[in-house]
Amino acid sequence: MQDKLIHALKRACKDVFKVNIEPVLSRPDEQFGDYACNVALQLAKQLDQNPRDIAVKLSEQIKSTEGVVSVSVAGPGFINVTISDAILAEEGFTISLHRSNAGQEILVEFGNFNPLKTVHLGHLYTTIVSSAIARLFERSGANMHPISYHGDVGMHIAKAIWAIGKDIDWDPEKLEGLKSGSESDEGMQSLKTVFGAYYAHGNEAYESDPEATEQIREVNRQVYDRDHKGVNKIHDLCVKRSLEYFDTIYDELGVSFERHYLESETAPIGTKVVKENIGNVFEESDGAIVYKGEKDGLHTRVFLNSQGLPTYEAKDLGLIELKKRDYPNAVKSIIITGSEQKEYFKVMLAALGHIEPEQAVKTEHITHGHLGLTTGKMSSRTGNVFGAQSLMDATRMEVQKAFPDSEVQHDVYLAALKYTFLKHRIGGDIVFDVQESVSLEGNSGPYIQYAYARARSILRKKSAIKGEVGELEAGERSLVRKLSEYEEVLEHATEERLPHYICTYLYELAQAFNRFYENNRVIDNEREALRLKIIEAYTNVLKDGLETLGIPVIEKM
RNA sequence: GCACCCGUAGCUCAGUGGAUUAGAGCGUCGCGCUUCGGACGCGAAAGUCGUAGGUUCGAGUCCUACCGGGUGCACCA
């Protein structure tokens, strides 16, 4: 219907005013109609005519469009259109998406947790928001390839290994002993917390103790060259344990990857790429190999350090080579990270632009803002920060309290956790109130799950049957009208890479349902058949939306 | 210092394809269960949309300057 209206308006502009313009429709406040168009206001200046007069003339033209019930001109010259109940219901009862990325191979890289480091809130944010974005693209027909990338070599690893090695006198036999650590938990549970502390210790030493700095740089070299048995053994075991731990988090979140890339794979390739382009792209400066980004309005970054070892930037070039090799048909490669990497990516991609322009063009970097906590008390001493695990645990405990003997605890927990991240527009920084995040009321994931379960309980009593849709009563119409907006919301969210549009919509939809439910009886009502159909369509949209976000629906809670 | 992001109700945030009367949740105050699931609904109080200019018939939305907060800026990732 939307396309039809746009077409009719476009034609009217051409017929009456001899202008070519692409009219844009919006969904106005319900009292004004189902669609609104401000094209008359846009044309007013160019035609030098009163916008209201233009609007009146255009509305005369589109009045007879099939499915249009009434057209009115309001305010300064808005054209408000009301469509027939039958058409509205037809749109509200079906979900038909434009497959704008049909058949396209798209890579999406996210969730880049670093071995031997704490998994932070930011990592959790990236993982949750990225899988929602990936699913959005999938809905538009794309063939998505989710991949992750982990820094198993590099200075952060050297810092942690140096600290661990010192602690166990570089005797790999003592390594297993770390598993029981000082924590009461066993095995992996303990090791993952120990790592963060060792990294923090190594990092501190690196910055404050010149002797340690030298030693850590040497360990870094040994990690790359693999010429020290003790280092190798510590490295191999610890990275393995870290990656196992990451998989438990991914599993818990219901996120899966097609492939985990490692920096140890990309380092040699990236190093080679940089070396091959010294002179034309990269240059030497203070013993390091750098890209001077100033010529692109950016800044200089080091690709190979003065030891000849690759930095993050060189490794990323290597990763891009590997991706190209593994996914030769990919038309787009999306990378999602925190916003602090924005400038970095610009420089890296600028350098790439001089080496492989087509790859640089394919790569799209999406960022999200930072996460702060309302109170400082949650982040404590170095090495024991309030990280992803703490937040997940806190949320889980809160859900357990609210649902002591429920089988749906895990699903509610996922909804509470994911929705809290997803409901905000990505890009800006957000402040995280732990109490509010686990709240099951208001604009939250569990509220929407509940709104779904309530409706499902009606449908369990009687299911919808097929039949004609007649006239809609006001309450029914509001809900159906809201349902009819779903596809537009999904498409908009995909185009803008903003999953929060879906949250806002689903919340409004759930509110619309709760309002309807409050005032309208469904079962044992003369309008039962129609209302059951509306409720069924409503549950379908809610389910579709929640699942796109990666949030499970619950039949009974 | 330079660059980017942000500044909307007491708090957390929507609204940023300019447009009809700035919205929601939490919190505060009040109302509604003979009702298909009350984790609900309805109402009230609460806003110089950071400040000052500008563009426009029209600006929370675009432009400029400034203020405030965040992030990044050479061998970390």
Side-chain angles (χ1 to χ4, degrees), chain A residues 24 26 28-29 31-32 36 38 41-42 44-45 50-51 74-78 80 112 114 117 151 154-159 203 206 217 220 263 285-293 297-307 309 311-313 315-316 337-344 346-347 367 369-370 372 374 402-403 412 423-425 427-433 435-437 439-444 446-447 449-451 453-462 492 496 500-501 503-504 507-508 511 513-525 528 531 535 556-557:
Chain A
V24 177
S26 60
D29 206 73
Q31 59 180 307
F32 298 118
N38 66 352
L41 296 151
Q42 291 174 345
K45 185 162 192 187
N50 182 322
F78 291 100
N80 292 325
N112 303 350
N114 286 317
K117 280 179 82 173
M155 285 306 291
H156 65 288
I157 294 287
K159 288 169 184 171
N203 192 43
Y206 183 81
R217 282 172 73 87
N220 190 34
E263 287 190 12
S285 174
D286 290 342
I289 304 302
V290 305
Y291 176 75
K292 300 240 175 183
L298 301 167
H299 62 274
T300 295
R301 294 200 70 102
V302 172
F303 279 66
L304 297 180
N305 70 19
S306 47
Q307 282 177 293
L309 296 175
T311 58
Y312 187 42
E313 13 290 77
K315 289 183 250 184
D316 251 336
T337 73
S339 57
E340 72 281 358
Q341 296 193 25
K342 214 168 188 170
E343 293 299 304
Y344 157 74
K346 281 187 193 163
V347 178
T367 63
H370 286 194
T374 43
F403 298 81
V412 174
K423 71 176 174 180
H424 300 112
R425 169 183 272 264
D429 294 352
I430 58 174
V431 177
F432 205 104
D433 185 316
Q435 280 307 313
E436 193 186 312
S437 80
S439 164
L440 312 180
E441 293 169 11
N443 188 359
S444 70
Y447 169 94
Q449 285 180 319
Y450 178 66
R454 284 178 100 186
R456 289 295 299 166
S457 84
I458 299 173
L459 294 172
R460 267 195 300 278
K461 295 185 171 67
K462 264 184 188 169
H492 194 201
E496 306 271 316
H500 82 287
Y501 284 141
C503 293
T504 307
Y507 179 62
E508 286 169 5
Q511 273 187 318
F513 166 75
N514 281 334
R515 216 166 285 147
F516 173 79
Y517 184 81
E518 194 76 16
N519 303 311
N520 300 279
R521 205 176 159 81
V522 176
I523 289 171
D524 296 333
N525 178 285
E528 179 184 291
R531 288 181 177 178
I535 301 302
K556 292 179 190 175
M557 58 192 289

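We use all heavy atoms of the structure for the numbers below, so side chains are in, but hydrogens, waters and symmetry mates are not. Numbered from 1 within each chain, the chains take letters A, B, ... in sequence-line order. Predicted model, so just to flag it, every value in this text is computed and none were measured.
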Exercise. By side-chain hydrogen bond (donor to acceptor under 3.5 Å, both in side chains), which residues pair with A/Lys462, not counting sequence neighbours?
Worked result: A/Glu528
Problem set entry | Shortest side-chain distance from A/Met557, nucleotide among B/rC36, B/rA39, B/rA24 | B/rA39
Problem set entry | Partner set under side chain to side chain contact (heavy atoms under 4.5 Å, CB included) for A/Tyr517, not counting sequence neighbours | A/Arg454, A/Ile458, A/Phe513
For this session: Starting from C1' on B/rC26, measure out to CD on A/Glu441 and report it in whole angstrom.
Result: 9 Å
For this session: Using only side-chain N and O atoms of A/Tyr450, determine if any of them is under 4.0 Å from OP1 or OP2 of B/rG37.
Result: no
For this session: Encode nucleotides 69-77 of chain B as B, S and - characters from 5' to 3', where the letter depends on protein heavy atoms closer than 4.0 Å: B to the base, S only to sugar-phosphate, - to neither.
Result: -SSSSBBBB
Exercise. Between A/Arg425 and B/rG15, does any side-chain N or O lie under 4.0 Å from OP1 or OP2?
Worked result: yes
Seminar exercise, completed: A correct dot-bracket answer for RNA chain B, with pairs being Watson-Crick or G-U at under 3.5 Å, [ ] for crossing pairs and | for inter-strand pairs, is (((((((..((((.........)))).(((((.......))))).....(((((.......))))))))))))....
For this session: State which residues pass salt bridge (Lys or Arg N to Asp or Glu O under 4.0 Å) with A/Arg217; sequence neighbours excluded, sorted by chain then number.
Result: none
Exercise. The side chain of A/Ile458 lies closest to which of these nucleotides: B/rU21, B/rC36, B/rG41?
Worked result: B/rC36
Seminar exercise, completed: note: A/Tyr507, atom OH; B/rA14, atom P; distance rounded to Å ~ 15 Å
For this session: Encode nucleotides 55-64 of chain B as B, S and - characters from 5' to 3', where the letter depends on protein heavy atoms closer than 4.0 Å: B to the base, S only to sugar-phosphate, - to neither.
Result: --B-------
For this session: Would you please confirm or rule out a distance under 4.0 Å between OP1 or OP2 of B/rG41 and any side-chain N or O of A/Tyr447?
Result: yes
Exercise. Regarding A/His299 and A/Glu343, is there a side-chain donor-to-acceptor distance under 3.5 Å anywhere?
Worked result: no
Problem set entry | A/Tyr517 side chain, from C-beta outward: closest of B/rG37, B/rG32, B/rC13 | B/rG37
Exercise. Has the side chain of A/Glu496 got a donor or acceptor atom sitting under 3.5 Å from an opposite partner on the base of B/rU16?
Worked result: no
For this session: Ignoring the backbone of A/Ala36, work out which of B/rU20, B/rG25, B/rG15 is nearest its side chain.
Result: B/rU20
For this session: Please state whether the rings of A/Tyr291 and A/Phe303 are parallel, tilted or perpendicular, taking 30° and 60° as the class boundaries.
Result: perpendicular
Problem set entry | Between B/rA45 and B/rG10 - C1' atom distance, rounded Å | 12 Å
Exercise. Between B/rA52 and B/rG43, how far is it from one P atom to the other, in whole Å?
Worked result: 34 Å
Exercise. Given the P atoms of B/rG47 and B/rC62, what is the spacing between them in whole Å?
Worked result: 25 Å
Exercise. Out of B/rU12, B/rG37, B/rG32, which has the shortest distance to the side chain of A/Ser457?
Worked result: B/rG37
For this session: Rounded off to whole Å, could you give me the NZ-to-P distance for the A/Lys342 and B/rA3 pair?
Result: 15 Å
Exercise. Does A/Gly442 or A/His500 map to a spot on RNA chain B nearer the 5' end, using the closest nucleotide for each?
Worked result: A/His500
Exercise. Should A/Glu518 and A/Arg515 count as an ion pair when the cut-off is N to O under 4.0 Å?
Worked result: no
Problem set entry | Gap between atoms CZ and C1', on A/Arg515 and B/rC40 respectively (whole Å) | 11 Å
